[in-house]
Amino acid sequence: MVSSAPSNATPLCFSINSRPFNHNHTIASAYFSAVFSGLGLSSNLFALVVLAKTFHHTKSRTRSSFLLFLGGLVFTDFMGLLVTGSIVVSFHITHFNWRQLDPHCHFCNFMGMSMVFYGLCPLLLGAAMAVERFVGINRPFARSTAVSNSRACSTVAMVWVTAGCMSLLPLAGLGSYRLQFPGSWCFLNISSRPLDMTFGLIFSLVGLLSLAVSFLLNTVSVVTLLRVCCGQDSAQRRRDYEVEMMVQLILIMAIASVCWCPLLVFIAQTVLSGSELNVRHLLLWLRFATGNQVLDPWVYILFRRAILKRVAPKMDWSRGSIISLYPTLSTSFRKLTRASLGGTIDRLDHDRPNPPLPVQNATAVSSSI
């Protein structure tokens with residue numbers, strides 16, 4: 001009988017970073033990870049409570065669908081911090097041995113999938129929210145028949161499914177997950193190997209494309225909203241909630257861009273250049289990206305009309321447009337939007353038929369005044 005010798009092959013998730021890790025690293029300290037995760041979890045939980053109360057009292061279908069998107073974003077951030085943060089904090093407290101705890105890399109693959117899933121979801125949700133606002137502002141009649149609360153929930157679920165399928169690609173053979181320095185977390189393997197390079201580029205390009213779509217559509221929506229708010233019909237169309245939602249969406253996009261662009265560009269640049277992975281830069285840009293999950297809920301917590309009314313109670317918040325509070329800015333924005341739109345409004349006003357007022361009616365009107 002031939003007995004098979006035990007296999008000493010290094011598991012795939014440990015094959016690159018096989019040397020012992022040094023745990024004395026300031027960025028990856030237990031105190032920092034615990035405080036960071038606790039702050040993020042409490043912020044997102046508070047935002048979820050505020051969103052639930054606002055959604056319960058809102059009567060506008062447009063605003064309720066936007067709140068569903070925002071609730072999906074905050075819930076995703078909360079779960080991302082809960083799943084990944086609990087693993088990282090547990091490692092720093094117990095210093096468990098990954099090789100003994102997870103000899104077949106199942107736990108490492110789970111955390112790598114979580115990092116990719118909860119990383120892509122906010123970016124994809126930001127793009128979906130930009131599309132929803134673009135349609136709502138630029139195509140209001142089409143939106144009124146196409147978007148509902150159930151459609152918003154379906155879109156959020158579709159984003160989750162898309163991000164989940166992408167996180168499963170390494171398990172299907174496209175790329176791999178690796179234990180990363182200082183041994184507290186797993187992430188996609190950033191290397192110039194063909195399959196790892198392909199998955200790294202897919203992850204980076206999807207994230208960067210989502211940010212680009214958000215920037216483009218939000219810019220068009222802001223220009224359209226300024227045209228409406230500063231135009232001749234600004235007194236007849238209330239746009240307070242439209243402005244509020246656009247301000248929140250622009251801040252979410254700006255935070256996501258600042259937090260995620262360094263990491264996404266760093267991954268793409270590293271795999272394309274074939275250079276050695278800079279661990280310190282990877283940890284630094286990862287902390288930037290994780291900050292997105294902490295800052296997102298404060299956008300809605302702080303930038304609400306209810307909070308702004310308390311901060312500036314003497315302002316006239318009953319007007320048809322927030323921008324109408326500043327006449328000088330209103331005039332400047334009107335000139336800017338007219339110039340950027342190539343005189344479209346002027347041509348429409350010129351082409352619009354304007355029948356002459358009968359003499360007798362004009363006399364009657366002047367006499368009545």
Side-chain angles (χ1 to χ4, degrees), residues 12-13 33 36-37 40-41 44-45 48 68-91 102 105-129 153-180 184-190 195-196 198-211 213-214 252 255-256 259-264 266-268 271 282 285-297:
L12 185 62
C13 59
S33 300
F36 196 84
S37 299
L41 289 173
N44 282 280
L45 185 61
L48 282 174
L68 287 174
F69 279 108
L70 200 56
L73 175 64
V74 174
F75 177 76
T76 303
D77 289 338
F78 176 82
M79 292 302 300
L81 286 171
L82 181 63
V83 173
T84 59
S86 59
I87 298 176
V88 173
V89 173
S90 299
F91 170 82
D102 186 31
C105 294
H106 298 315
F107 192 46
C108 184
N109 287 335
F110 170 74
M111 185 174 187
M113 290 170 53
S114 300
M115 295 287 291
V116 171
F117 174 80
Y118 291 112
L120 287 177
C121 275
L123 304 179
L124 294 174
L125 282 173
M129 293 166 69
C153 293
S154 301
T155 304
V156 173
M158 187 182 304
V159 168
W160 288 341
V161 171
T162 302
C165 291
M166 292 189 61
S167 68
L168 290 172
L169 290 179
L171 301 186
L174 184 60
S176 59
Y177 293 118
R178 293 289 192 273
L179 184 66
Q180 306 288 339
S184 60
W185 60 295
C186 291
F187 194 49
L188 59 91
N189 185 31
I190 305 174
L195 294 178
D196 291 332
T198 302
F199 183 64
L201 288 177
I202 291 176
F203 177 79
S204 300
L205 293 179
V206 169
L208 292 173
L209 182 62
S210 300
L211 293 174
V213 170
S214 299
I252 289 174
I255 291 173
C259 292
W260 274 100
C261 275
L263 179 62
L264 297 173
F266 170 77
I267 293 175
V271 299
L282 175 61
W285 302 141
L286 179 73
R287 288 303 179 193
F288 266 77
T290 311
N292 184 33
Q293 297 173 317
V294 180
L295 296 175
D296 271 345

Inset, instruction - Mind running side chain to side chain contact (heavy atoms under 4.5 Å, CB included) on Leu264 and Leu123 for me, showing each step along the way? - result: CA-CA 11 Å; Leu264 297 173; Leu123 304 179; 4.1 Å; yes
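- With contacts defined as side-chain heavy-atom distances shorter than 4.5 Å, the pair Thr162/Leu120 does not qualify.
- Annotation: the span from Trp185 atom CH2 to Ile87 atom CD1 amounts to 12.5 Å, rounded to 0.5 Å.
- Between Leu41 and Phe78 there is a side-chain heavy-atom pair separated by less than 4.5 Å.
- Considering Leu188, Leu169, Val271 in turn, Leu188 is the only one that fulfils the side chain to side chain contact (heavy atoms under 4.5 Å, CB included) rule with Phe203.
- Nearest heavy-atom pair, Gly40 versus Val294, reported as atom, atom and distance to 0.1 Å: CA-CG2, 3.9 Å.
- Atom CZ of Phe75 is separated from atom CG of Leu68 by 13.5 Å, given to the nearest 0.5 angstrom.
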Legend entry - Check against side chain to side chain contact (heavy atoms under 4.5 Å, CB included), Val156 and Thr76: CA-CA 10 Å; Val156 173; Thr76 303; 5.8 Å; no
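- Atom CD1 of Ile190 is separated from atom CZ of Phe199 by 11.0 Å, given to the nearest 0.5 angstrom.
- Remark: the backbone N or O of Gln293 is paired with a side-chain donor or acceptor of Asn44 at under 3.5 angstrom.
- Although no hydrogens or angles enter the test, the distance criterion places no donor-acceptor pair under 3.5 Å between the side chain of Ser204 and the main chain of Leu201.
- Annotation: side chain of Leu286 is not in contact with side chain of Gln180 (no heavy-atom distance under 4.5 Å).
- Judged by distance alone, the side chain of Asp296 and the main-chain N or O of Val74 form no donor-acceptor pair under 3.5 Å.
- Residues Ala289 and Leu263 share a closest heavy-atom pair of CB-CD2, 4.0 Å.
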Inset, instruction - Report the C-alpha separation of Leu81 and Thr290 in whole Å, then their side-chain angles, then the decisive distance to 0.1 Å, and conclude whether the side chain to side chain contact (heavy atoms under 4.5 Å, CB included) test is met. - result: CA-CA 8 Å; Leu81 286 171; Thr290 311; 4.1 Å; yes
Inset, instruction - Go through the steps for Trp285 and Ile267 under the test side chain to side chain contact (heavy atoms under 4.5 Å, CB included), then give the verdict. - result: CA-CA 10 Å; Trp285 302 141; Ile267 293 175; over 6 Å; no
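- Contact check for Cys186 versus Asn109: no side-chain heavy atoms found under the 4.5 Å cut-off.
- Using a 4.5 Å cut-off on side-chain heavy atoms (C-beta onward), Ser33 and Arg287 make contact.
- Looking at Asp102, its side chain does come within 3.5 Å of a backbone N or O of Phe107 through a donor-acceptor pair.
- By the 4.5 Å heavy-atom criterion applied to side chains, Leu211 and Cys261 are counted as neighbours.
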